[in-house]
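Notes follow the structure.
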Amino acid sequence: MPMERQSGRVVRFGVFEADLLTRELRKRGARVRLQEQPFRLLQALLERPGQIVTREEIKEKLWPDDTFVDFDKSLNTAAQKLRQALGDSADSPRFLETVPKHGYRFIAPVDRVELAPASKESEGSSSKAGLWTVVARSDRTMFAVALLAALILAVLYFREAPPPGAHAAFLGSRAGRHNYS
């Protein structure tokens, strides 16, 4: 079953977020450029995180039967471009692990995000709004803390100051209590 039909068309891993419907990869909210084949490889791996996706399965998903390419070279290039976009390394992978002579495995923890369903005519704009809502939800705690700090600072800054001379009157009355005669 394709990922778009399953729950969680937006998938988070590490500092990345992949929208599998719009085929966008973002890092901390900023769009990361990723060509079609490397993104499709990422999508195939995100369908089954933690499991080996064989080279044959990848070939079927990325290159239809009527496409003639140097498969090994093309797959290696797609994996290399995906690793580059993710800042990953084949020697010490955080996301994409090579399983020699078998295929690849996505090894990072994956979190699927639920977005509100959109109507056909507003799908493009509401999917972006839904993505923004998901991002904003994760920042609510920080916003609440900042708002509370601003409120405390405002109360301290604008509180009523004692009338001028009140401090001097206090000191004067205290000084007057001592009898040095």
Side-chain angles (χ1 to χ4, degrees), residues 1-64 67 69 71-119 122-146:
M1 173 180 262
M3 193 64 155
E4 291 91 81
R5 293 187 203 135
Q6 295 177 358
S7 63
R9 75 163 220 222
V10 174
V11 181
R12 288 187 186 151
F13 51 94
V15 296
F16 293 95
E17 184 172 87
D19 187 322
L20 304 177
L21 185 62
T22 62
R23 295 186 183 226
E24 289 183 349
L25 178 64
R26 297 190 177 276
K27 180 179 182 182
R28 293 187 182 102
R31 189 167 184 199
V32 176
R33 289 186 170 266
L34 190 58
Q35 294 174 337
E36 179 73 14
Q37 296 300 44
F39 192 91
R40 290 177 67 196
L41 173 60
L42 174 63
Q43 186 172 6
L45 295 168
L46 289 174
E47 286 177 0
R48 297 185 1 224
Q51 299 176 20
I52 296 173
V53 180
T54 67
R55 296 175 69 80
E56 282 303 311
E57 290 172 312
I58 295 168
K59 182 178 182 180
E60 290 173 15
K61 287 184 180 286
L62 273 63
W63 293 280
T67 305
V69 297
F71 171 69
D72 289 325
K73 183 178 179 183
S74 297
L75 179 55
N76 292 340
T77 299
Q80 181 182 10
K81 287 181 180 183
L82 177 57
R83 280 192 175 109
Q84 186 178 17
L86 298 176
D88 206 6
S89 161
D91 297 329
S92 64
R94 294 178 300 139
F95 301 107
L96 178 61
E97 176 186 43
T98 302
V99 182
K101 299 184 182 183
H102 291 289
Y104 294 93
R105 176 179 16 230
F106 196 84
I107 58 174
V110 169
D111 182 30
R112 298 190 196 300
V113 179
E114 290 295 329
L115 298 179
S119 66
S122 65
E123 189 171 318
S125 62
S126 64
S127 69
K128 289 184 178 156
L131 187 59
W132 173 249
T133 302
V134 170
V135 171
R137 199 178 310 146
S138 66
D139 293 335
R140 285 183 184 157
T141 302
M142 289 296 286
F143 178 75
V145 169

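Each residue takes its place number in the sequence, starting with 1. Just so you know, these numbers come straight off a predicted model, no measurement behind them.
- Across all non-hydrogen atoms, the minimal contact from Arg112 to Leu46 is NH2-O, 3.1 Å.
- Atom CG of Leu45 and atom OH of Tyr104 lie 9.0 Å apart (nearest 0.5 Å).
- A 4.5 Å side-chain heavy-atom check between Leu42 and Phe13 finds at least one atom pair inside the cut-off.
- Scanning for salt bridge (charged side-chain N to carboxylate O under 4.0 Å, His left out) contacts around Lys61 gives Glu47, with sequence neighbours left out.
- Two residues are said to be in side-chain contact when any heavy atoms from C-beta on lie closer than 4.5 Å; Val10 and Glu17 meet this criterion.
- Heavy atoms only, all atoms of each residue included: Ala78 and Pro38 are closest at O-CB, 3.7 Å.
- Sorted by first and then second residue, the salt bridge (Lys or Arg N to Asp or Glu O under 4.0 Å) pairs with a member in residues 95-111 read Glu97-Arg105; sequence neighbours excluded.
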Please list every donor-acceptor pair under 3.5 Å in which a side-chain atom of residues 81-90 meets a protein atom from a residue at least two apart or in another chain.
{"from": "Lys81", "atom 1": "NZ", "to": "Gln35", "atom 2": "OE1", "distance (Å)": "2.7"}
{"from": "Arg83", "atom 1": "NH2", "to": "Leu96", "atom 2": "O", "distance (Å)": "3.1"}
{"from": "Arg83", "atom 1": "NH2", "to": "Thr98", "atom 2": "OG1", "distance (Å)": "2.7"}
{"from": "Asp88", "atom 1": "OD1", "to": "Arg94", "atom 2": "N", "distance (Å)": "2.7"}
{"from": "Asp88", "atom 1": "OD2", "to": "Phe95", "atom 2": "N", "distance (Å)": "3.0"}
{"from": "Asp88", "atom 1": "OD2", "to": "Leu96", "atom 2": "N", "distance (Å)": "2.8"}
{"from": "Ser89", "atom 1": "OG", "to": "Asp91", "atom 2": "N", "distance (Å)": "3.1"}
{"from": "Ser89", "atom 1": "OG", "to": "Ser92", "atom 2": "N", "distance (Å)": "3.4"}

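- The line from CZ of Arg33 to CG of Leu25 is 12.5 Å long, rounded to the nearest 0.5 Å.
- Under the 4.0 Å criterion applied to side-chain N and carboxylate O atoms, Arg55 and Asp72 are assigned as salt-bridge partners.
- In this view, Glu57 and Arg48 satisfy the salt bridge (charged side-chain N to carboxylate O under 4.0 Å, His left out) rule, not counting sequence neighbours.
- Remark: Asp19 CG to Arg31 CZ distance equals 10.0 Å, nearest 0.5 Å.
- Pairs engaging residues 19-38 under the ring-ring contact (aromatic ring centres under 6.0 Å, His included) rule: none recorded [sequence neighbours left out].
- Residue pairs meeting the ring-ring contact (aromatic ring centres under 6.0 Å, His included) criterion with at least one member in residues 20-59: none, sequence neighbours excluded.
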